[in-house]
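From a predicted model like this one, the values you see are computed outputs, not experimental measurements. We number each residue from 1, following the sequence as shown.
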Amino acid sequence: EEQVKKQVDGEKLKLWQVAQEKAKEKIDTELKDLQEQFKEKAQKLEEAQKNELELRKQARDLEEQKKNLDLELQRKLDEERKKIAEDVRKTEEEQFRLKLLEKDKQVEIMQKTIEDLRRQSQQGSMQIQGDVQENDIKSVLSTTFFTDSISDVPTGIKGGDLIHQVNNQMGQKAGVILWESKNTKSWSNEWVTKLKQDQGAAGADICMLVTRVLPDDINGFGIKSGVWVLEPQYILPLTTTLRMHLLELSKLKNSLVGRDQKMEYLYEYLCGTQFKNRIESIVMAFSELQKDLATEKRAMERIWRKRSQEIERVIENTAGLYGDLQGMVGAGLPSIQALELPGFTEESVGEAQSNFSVSQLTGSTDTQVADEASPQQSLL
């Protein structure tokens, strides 16, 4: 037992020594680890402090740079302002100097022009007098007939003094009037001969010779060898009359262009489904209108609203039919005043009311129905 006890004690001692060594090794290892962690943390703390110091230094440097930059920017702005002000002052001085030189040049040119005009007026140049009359004619024509094109014939080119192109409301050419202005003290028949020759070169329809001295056989205005000879005071009335004739002739010519083709289009339209649909729409609208007027006598507000819509349908279909025919036939189709915008006056409204009255269109003879249709007639 003692031996066993001794062996056990010896084993316990060995185990305790082994445990002590292992514990010591473990403690040393943990201590070394803690020391390493401490060193690492101390190193990180030191680096963090260095970084913080560096960041603070950079922040101070940025703040200082910002202040310096603001100061430098303000200095540059002040310098730029001074430079701009100096440039503006120099530019204004240069412009003022140029304006003075320009005014001096203008004064010199005006003095020369005045001298030339005074000399020419003293000489009594007939060319200047003719130009003045020509410019006056051009101004009167341009102001009165603003849709027309009036241009000068270049000097040295045959063709009179002014070429007056008559245009319709759509800006299309309707004719050409050739103008010749003379301001002399005696009449010459050569003017008429020359103007007739210029008419062919200019392609003009009418020749107008304005002169203050007329031949013996003309009083005020008249025709001589196919040329209208007139005094200046008859320019507007005679031009207005001749211009109307040119417009009518142009309208007639345009209506005759493609007449057979238009008749073919019109025949196809009348035989087609579009014309049938429009007529059926008109008949159906009036049938419904007549039925409503004959049967419904109550709820007048609702009925009037419905009738108003039906009448609008009638007007729209009628206007559409008129527009289709006008698009095919053109200017040859007679104008309907009630469907034309320029003639939309109180008189045209009254005429439209009489033409499109419900009693006439429906053929109704009932006095009461006609009385009930009065609001719709007023709408028409």
Side-chain angles (χ1 to χ4, degrees), residues 113 116-117 120 124-215 217-258 330-331:
T113 304
D116 293 339
L117 291 174
Q120 291 176 3
S125 174
M126 300 304 296
Q127 179 65 33
I128 294 178
Q129 295 179 7
D131 292 341
V132 170
Q133 180 171 304
E134 177 184 339
N135 292 332
D136 183 58
I137 294 172
K138 182 179 180 181
S139 176
V140 170
L141 294 175
S142 300
T143 304
T144 306
F145 311 107
F146 55 89
T147 59
D148 297 348
S149 175
I150 301 169
S151 58
D152 296 321
V153 177
T155 305
I157 298 178
K158 294 182 179 181
D161 295 330
L162 297 174
I163 296 179
H164 179 181
Q165 178 176 313
V166 179
N167 300 326
N168 56 19
Q169 294 181 352
M170 303 299 294
Q172 298 174 343
K173 180 180 177 182
V176 177
I177 301 176
L178 182 63
W179 290 86
E180 180 76 21
S181 174
K182 297 295 182 182
N183 190 1
T184 59
K185 297 180 180 180
S186 59
W187 167 262
S188 176
N189 291 325
E190 295 180 357
W191 298 344
V192 176
T193 304
K194 177 181 176 300
L195 191 57
K196 289 293 292 182
Q197 295 175 355
D198 294 340
Q199 180 181 6
D205 301 298
I206 300 174
C207 295
M208 306 283 278
L209 178 60
V210 182
T211 175
R212 299 185 182 276
V213 180
L214 300 177
D217 55 345
I218 294 178
N219 183 17
F221 65 91
I223 298 179
K224 189 173 183 65
S225 301
V227 176
W228 283 94
V229 181
L230 65 154
E231 293 180 344
Q233 60 266 28
Y234 295 101
I235 291 176
L236 282 181
L238 187 58
T239 304
T240 303
T241 304
L242 295 176
R243 186 176 178 276
M244 290 177 60
H245 284 290
L246 287 176
L247 291 173
E248 290 296 329
L249 287 174
S250 175
K251 186 177 180 181
L252 180 60
K253 291 178 182 178
N254 292 332
S255 65
L256 293 176
V257 174

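- Here the side chains of T193 and N189 are not in contact, with every heavy-atom distance at 4.5 Å or above.
- Residue-environment remark: CG (N219) stays at or below the threshold of 12 foreign heavy atoms within 6.0 Å.
- A side-chain donor-acceptor contact under 3.5 Å links D161 to the backbone of S181.
- The neighbour count for F145 CZ, taken as heavy atoms of other residues, nucleotides or ligands under 6.0 Å away, is above 12.
- Of the inter-residue distances, the one linking M244 atom CE with L242 atom CG reads 10.5 Å to the nearest 0.5 angstrom.
- The OG atom of S188 sits 8.5 Å away from atom NZ of K182, with the distance rounded to the nearest 0.5 Å.
- Across all their heavy atoms, L230 and W228 have their closest contact at CD2-O, 3.8 Å.
- The heavy-atom pair separating L214 from G220 by the smallest distance is CD1-N, 3.3 Å.
- A 4.5 Å side-chain heavy-atom check between D148 and Q165 finds every atom pair outside the cut-off.
- Of the possible donor and acceptor atoms, one in the side chain of Q199 sits under 3.5 Å from a partner among the backbone N and O of A204.
- A 6.0 Å sphere centred on CD of Q233 holds more than 12 heavy atoms belonging to other residues, nucleotides or ligands.
- Rounding to the nearest 0.5 Å gives a distance of 11.0 Å between SG of C207 and CD of Q197.
- A parallel orientation is assigned to the rings of H164 and W179, their planes being inclined by less than 30° (bins at 30° and 60°).
- Taking OG1 from T144 and CZ from R243, the interatomic distance works out to 10.0 Å, rounded to the nearest 0.5 Å.
- Between the CG atom in N168 and the CG atom in L246 there is a gap of 11.5 Å [rounded to 0.5 Å].
- Counting all heavy atoms, side chain and backbone alike, E231 lies closest to V210 at C-CG1, 4.4 Å.
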Start with the C-alpha gap between D205 and I177, add the side-chain angles, then the distance that decides, and say whether side chain to side chain contact (heavy atoms under 4.5 Å, CB included) holds.
CA-CA 6 Å; D205 301 298; I177 301 176; over 6 Å; no
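- When side chains are defined from C-beta on, N183 counts as touching R212, because their heavy atoms get closer than 4.5 Å.
- Taking both residues in full, the closest heavy atoms of D152 and E134 are given as OD1-OE2, 3.7 Å, listed atom of the first, atom of the second, then distance.
- When all heavy atoms of K196 and S225 are compared, the closest pair comes out as CD-O, 3.5 Å.
- Between M208 and the options T239, L162, I235, a side-chain contact (heavy atoms from CB on, under 4.5 Å) holds for only T239.
- Residues forming a ring pair (Phe, Tyr, Trp, His ring centres under 6.0 Å) with W191 (at least two apart in sequence, or on another chain): W187.
- Between V176 and V166, every side-chain heavy-atom pair lies at or beyond the 4.5 Å cut-off.
- Scanning both residues, S149 and N167, for their nearest heavy atoms gives N-ND2, 3.8 Å.
- In this structure a side-chain-to-backbone donor-acceptor pair under 3.5 Å is present from T240 to L236.
- Rounding to the nearest 0.5 Å places CG of L141 at 4.5 Å from CD1 of I150.
- Using a 4.5 Å cut-off on side-chain heavy atoms (C-beta onward), V229 and T211 make contact.
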